[in-house]
Amino acid sequence: MKYLISFLLESISYFLFFAALAYFISRVDSRIKYWVLGGFYLIGFLVMLKILTPRYYNGFLYNFIYMATSLTYGYFFFVTLRSRL
């Protein structure tokens with residue numbers, strides 16, 4: 001059981017981030033930057049579930065997650081900080 005929880009921890013964290021952001025979007029603010037961030041967390045959750053099937057080399061999927069993370073956070077903070085100027 002302990003191994004299963006630690007094995008699923010990364011995908012569970014992406015799902016929890018998505019759920020919290022979906023709640024925030026529905027209740028507080030629904031600007032496009034939050035939709036982009038929520039979409040990233042949903043895709044990240046699904047990709048992490050795919051990584052759990054160890055039939056093949058998962059390096060490409062991890063590289064996809066790293067690229068998506070940098071693009072999403074870059075867009076989010078660019079839009080956030082640009083609006084502050």
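Position 1 is the first residue of the sequence; numbering continues from there. Note: hydrogens, waters and symmetry copies are ignored here, and every other heavy atom, side chains too, is used.
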Is the count of non-hydrogen atoms from other residues, nucleotides or ligands lying under 6.0 Å from F15 atom CZ greater than 12?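 It does not: F15 CZ has 12 such atoms or fewer within range.
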Answer yes or no: does atom CZ of F78 have more than 12 heavy-atom neighbours from other residues, nucleotides or ligands under 6.0 Å?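 No, because the 6.0 Å sphere around CZ of F78 holds 12 heavy atoms or fewer from other groups.
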Can you list everything that forms a side-chain contact (heavy atoms from CB on, under 4.5 Å) with [X]? Sequence neighbours excluded, please.
{"X": "L16", "value": "I12"}
{"X": "L61", "value": "V47, K50, I51, Y56, N58"}
{"X": "F17", "value": "Y41"}
{"X": "T72", "value": "V36, L37, F40"}

Which heavy-atom pair separates G38 from L21 by the least distance, and what is that distance?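 Shortest heavy-atom contact: N-CD2, 3.1 Å.
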For I25 versus Y34, what's the shortest heavy-atom pair and its separation?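 Reported closest heavy-atom pair: CD1-O, 3.3 Å.
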Please say yes or no: joined through hydrophobic side-chain contacts below 4.5 Å, possibly via intermediate residues, are [X] and [Y] part of one cluster?
{"X": "F77", "Y": "M67", "value": "yes"}
{"X": "Y23", "Y": "W35", "value": "no"}
{"X": "V28", "Y": "F18", "value": "yes"}

Considering only residues two or more places apart or on different chains, which pairs with a residue in residues 31-44 satisfy salt bridge (Lys or Arg N to Asp or Glu O under 4.0 Å)?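 Checked against salt bridge (Lys or Arg N to Asp or Glu O under 4.0 Å) - neighbours excluded - the pairs reaching residues 31-44 are D29-R31.
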Side chains of I65 and F60 in contact at under 4.5 Å (non-hydrogen atoms):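 They are not in contact (no side-chain heavy atoms under 4.5 Å apart), so the answer is no.
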Residues that Y62 engages under ring-ring contact (aromatic ring centres under 6.0 Å, His included), provided they are two or more places apart: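 For Y62, no residue satisfies ring-ring contact (aromatic ring centres under 6.0 Å, His included) once neighbours in sequence are set aside.
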